[in-house]
Amino acid sequence: MTERAAEPNIEIPAHRYNAALANAIEAKWQDRWEADRTFYTPNPTGLLTEVNSERASLPKRYVLDMFPYPSGEGLHVGHPLGFIGTDVYARFSRMSGFNVLHTMGFDAFGLPAEQYAVRTGQHPSVTTAENIANYRRQLRVLGMAHDSRRSIATSDPSYYRWTQWIFLRIFNSWYDHEADRARPVSELSAELDGGTREPDDGSTWSELDDGERRDYVDAHRLVYRAEANVNWCPALGTVLANEEVTADGLSEIGNHPVYKRPLKQWMMRITAYAERLIEDLDLVDWTDSIKLMQRNWIGRSVGAEVRFTVAKHDGVDITVFTTRPDTLFGATYMVLAPEHPLVDTIVASSWPGCPAAWRGVFGVDVSPPEAVSHYREYVAKKSELERQSEGKEKTGVFIGAYAINPTTNEKIPIFIADYVLMGYGTGAIMAVPAQDARDWDFAKQFGLPIVRTVQPPEGFGDEPYLGDGPAINSGPLDGLNVVDAKRKMIEGLERGGWGRGTTTYKLRDWLFSRQRYWGEPFPIVYGDDDRPIAVPDAMLPVELPEVVDFAPRISDDPDALPEPPLARAEDWVFTELDLGDGLKKYRRETNTMPQWAGSCWYYLRYLDPTNEDAMVDPQVEKYWATGSRDGAAAAGVVDLYVGGVEHAVLHLLYARFWHKVLYDLGHVSTSEPFQRLYNQGYVLAAAYVDARGVYVEATEVVERDGVFTFEGEPVTREHGKMGKSLKNSVTPDDICTEYGTDTLRLYEMFMGPLDVSRAWNTSDIIGVHRFLQRLWRNAVDEDTGVAHVTDLPVDDETRRLLNRTIAAVRADMTNLRFNTAVARLTELNNRLTSVVARDGSAPREVVEPLLLMTAPLAPHIAEELWQLTGHPSTLAYEPFPEADAAWLLEDQVEIGVQVDGKVRARVMVPAGSDDAAHEAAARADAKVAALLAEKPVRKTIVVAGRLVNFIR
RNA sequence: GCCCGAGUGGUGGAAUGGCAGACACGGCGGACUCAAAAUCCGCUGCUCGAAAGGGCGUGUGGGUUCGACUCCCACCUCGGGCACCA
């Protein structure tokens, strides 16, 4: 602000709306909303029924933000963009007659708190509590109308008790593919015991002993343990998910080297839901681009599995997956993933006659097994960046063995190469260089034969051909197009027992365990036989032990073994429990859950956060999931979910997966969690880089004539996402102090459409601040602080503008177009300014609807003015204004007159007049008449109320 | 490399087949003031013109249409996502 109150002869009116007054009003209303419990949302039954209880009979609307990780930095103005958007929408929804659920929790487990703890010795629970307190303070300053009782933190034992409870529901389930849903494993055991179901692995149930039966059931659970090739990061002492490793092979957090190594891990069988996760995207209102991202991530592909026999190894088969079974005649070699289990079985002890290049780059003297182990080492070390820079350069090693192509009976060499991944399909491919770009590059590199099986068009070059065409060199398939050839090949494979049509997914099972301290402990113990046993529900939560040394055992040695911090809490790990058969000794699971676990279901806990008997009361769940709402029946419980697009795949997919398991088991009544998803844009800001390429503090950069300097040194300007790393943060606290919260809220909503990234520019804020100042001045005498409103009617033109504004703002609010809503309100307010200048007072007929429409955006000033204009109670539940249709119509409308598509004149016509009247009015214009006199008119187009176009 | 999205005044943006540039910032001018600030009023896409008025204009090039920022094709640039997915 540039108020110069300190200078002597300056008179600022005593009641001018400036930062000081705004802050006083804001503090007053924030205190009052809290004291009056204004935004408590009633449940229809159960624990949270006592305040605002009459609203529980209204249709419900559930508005949700992606909850934040409470970092030590606090919020910058980029964070609340979505929060303000949902707050505006929630306030608008309350005024539109909905019982609105809106609150804010904290995704409080996670690596940053743990790393900070390792550095400083401060316990993560202490820093987390401090950070949450700071976030709550900042959110309160922003004027959020949250139901504070419903806030949760995922690291709170009263919350993660239920995360563990859900884990056990999933652990105790299996996927019944015939019924296409998850069912309790107790039912699986009962069916096997009762003989109504046979094991699906060829064994006979009655011949299995108790241990084998348990192993069978364990192997079918939705949560299971498996050796997984994981990203082991010795420096963090933990295993990272693929998604947490950067493109150059470093940990996303901390940039430490990451090595691949096999390790026994907990997995969740999300792949069982692959098909439903794709299909049910049709039920939700998400943007097509987000749906497409999820579909691509799940990556369904339809094709066939083909069995190849291995020459000189009787009974050893390799099964491959291919999307192009029609090209089998052109399979001239085969590639296994380097870690494929059959490699060690079939690798030759010495090279058969083969080109030297096939032996790899490890020297001519090494044997095939040595070459294999060298290559595996090479692959484990190779970073993603190095692979990327290789481009079309392919690497691999011939393992000295041959497979038989079942269609040609020819021997084809078997290679290992890192372009084949163990986690996709069967970890083995048949290579068809003529019809696949990667196989083509590999074949060219290693001098392997290329046989076309699809006829490319005339003039096609020396390249792989991926298009359609008649089959050639393919025996009985010759002449068929790709689709028909695929079908015929699959029939042939199935008849001959060489394969079958099948579908695979890119999606892999979810690696669920972490070797960290600051996460949910698994509710799992091990008995003497080392088989996992679920901790009974009654013993939940399994609380994190209060260890002193919670740091993971970090190491520079890539061969070091992961040791979770919890393993060192021996008093906790070794325990005596009575699991129904007397006190016995058990060992606790020492892995913890990933951060995604807590965020998979927080929206369900918001429904009934204080319930100690259930995750959520079933009746409460039913109300918020299926309770009457405005439109058609919905598949998702949350009506509007707003958050960053960076969660487009992982979080949203994991949460959908958990929700579907809970749905299958009857714990929730909708098949999807989030009905409407909206991705807000990022707040960008200028950032400055010095000569060394290091970011400098943006607030201290000086501009002169387009040249930017920092401490006298020239710096370069860039644009990037606001945040600590670019040193360009602006905090909401500073803006609230300098202009007021309402100004900040209004500015963030006015900057642009919610879903578009926008540049922060503090100097633009003054515009919306002036809007509020003018609104205040229109309703209140700046000298006395008393409202000057009149009950006299307004002129017709103003009344028309009022009603047009109401109609437009209502539509904008519904569609989250807050930027244009602010523009419409500004227009109306500017009109009101002229009316006040003319009449000396403001017509209540305009002021009141204007206040009510402004209230969702700038609630504090709206409440204050509502009170000053004579209303004792809050406007939070006042009905949102409705337009009077009679005043939406004009007497006269201006239309454009085009001659040959060019606008040449504008004329007035009576509203609702017919085409002939439009044309007559247009022809009556002197300029138009002059133009039309030059040449005859061939055709006339009239769009009523819009334009007339004369074509000559 | 593949996939998705976006390119409109000096700036943020508005208009989803029908009068391009709403609203705001910035700029220019005026009123008020000794003066400045604040406030209020007016002008502000580029260009030719003293003016009246004309020409051009939504990344580029084509196309569909009486009419295209909007739909289609190709290209360019920027942003985001993915990593050899058979």
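Because the structure is a prediction, the values reported are computed rather than measured. Numbered from 1 within each chain, the chains take letters A, B, ... in sequence-line order.
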Heavy-atom side-chain contact between A/Val432 and A/Arg324 under 4.5 Å: no
Euclidean distance, atom CD1 of residue A/Ile766 to atom P of B/C25 [Å, nearest integer]: 8 Å
Given A/Thr833, A/Thr826, A/Asn830, the one that forms side chain to side chain donor-acceptor pair (under 3.5 Å) with A/Arg774: A/Asn830
Nearest-Å distance once atom P is located in both B/C84 and B/G5: 23 Å
Same-atom distance (P) from B/G26 to B/A37, integer angstrom: 13 Å
Rounded P spacing from B/C66 to B/C82 in Å: 46 Å
Presence of A/Gln773 side-chain N/O under 4.0 Å of B/U39 phosphate oxygens OP1/OP2: yes
Side chain of A/Thr820 (C-beta onward), nearest among B/C19, B/A15, B/G67: B/A15
Length of the line joining A/Tyr747:OH and B/C23:C1', which is rounded to integer Å: 14 Å
From B/A86, B/G18, B/C40, nucleotide with atom closest to A/Arg777 side chain: B/C40
Contact state string [nucleotides 3-12 of chain B, B base, S sugar-phosphate only, - no protein heavy atom under 4.0 Å]: SS-------B
Phosphate-side-chain proximity, A/Asn829 and B/C23, N/O vs OP1/OP2 below 4.0 Å: no
Between A/Gln435 and A/Thr453, a side-chain donor and acceptor under 3.5 Å: yes
A/Asn819 side chain near B/A14 phosphate (N/O to OP1/OP2, under 4.0 Å): yes
Whole-angstrom distance between B/U58 and B/G9, as gauged at atom P: 9 Å
Touch class at under 4.0 angstrom, heavy-atom based, for A/Asp439 against every strand present: nothing
Span that lies between the C1' atom of B/A83 and that of B/C69, in whole angstrom: 35 Å
Gap in Å between the two P atoms, one belonging to B/G59 and one to B/A52, rounded: 30 Å
Side chain of A/Pro753 (C-beta onward), nearest among B/G54, B/A14, B/A22: B/A14
Side-chain donor/acceptor of A/Asn405 to backbone N/O of A/Thr332, under 3.5 Å: no
Distance between C1' atoms of B/A14 and B/C23 (Å, rounded): 8 Å
Side chain proximity check, A/Leu507 to A/Trp297, heavy atoms < 4.5 angstrom: yes
Glycosidic conformation of B/G79, taking syn as within 90° of 0 and anti otherwise: anti
Of the listed nucleotides B/A86, B/C25, B/G67, the one nearest the side chain of A/Asp436: B/A86
Worked verdict on A/Glu797 versus A/Arg800 for salt bridge (charged side-chain N to carboxylate O under 4.0 Å, His left out): CA-CA 5 Å; A/Glu797 211 183 322; A/Arg800 266 191 215 100; over 6 Å; no
Watson-Crick/G-U partner (both atom distances under 3.5 Å) of B/C56: B/G45
Gap between atoms CZ and C1', on A/Arg824 and B/A24 respectively (whole Å): 12 Å
Which nucleotide in B/C82, B/G18, B/C84 has an atom nearest any side-chain atom of A/Ile941: B/G18
Sugar-phosphate, base or nothing in reach of A/Val320, heavy atoms under 4.0 Å: nothing
Euclidean distance, atom CZ of residue A/Arg946 to atom C1' of B/U70 [Å, nearest integer]: 14 Å
A/Leu650 and A/Trp510, any side-chain heavy atoms less than 4.5 Å apart: no
Under-4.0 Å side-chain N/O to phosphate OP1/OP2 contact, A/Arg16 with B/U39: no
B/A50 to B/G45 separation - C1' atoms, rounded to the nearest Å: 22 Å
Closest to the A/Glu827 side chain, choosing from B/A22, B/C19, B/C82: B/A22
Sugar-phosphate, base or nothing in reach of A/Val943, heavy atoms under 4.0 Å: base
Of A/Phe321 and A/Val768, the one whose closest RNA chain B nucleotide lies more 5': A/Val768
Identified pairing partner of B/C2, criterion: Watson-Crick or G-U wobble below 3.5 Å: B/G81
is_close_aromatic(A/Phe442, A/Phe415), centroid dist under 6.0 Å: yes
Nearest-neighbour nucleotide for the A/Thr833 side chain, B/C40, B/A22, B/G18 considered: B/C40
Any A/Arg770 side-chain nitrogen or oxygen under 4.0 Å from OP1 or OP2 of B/C25: yes
Donor-acceptor contact below 3.5 Å, side chain A/Tyr17 vs main chain A/Leu775: no
Sub-4.5 Å side-chain heavy-atom contact between A/Asp755 and A/Asn679: no
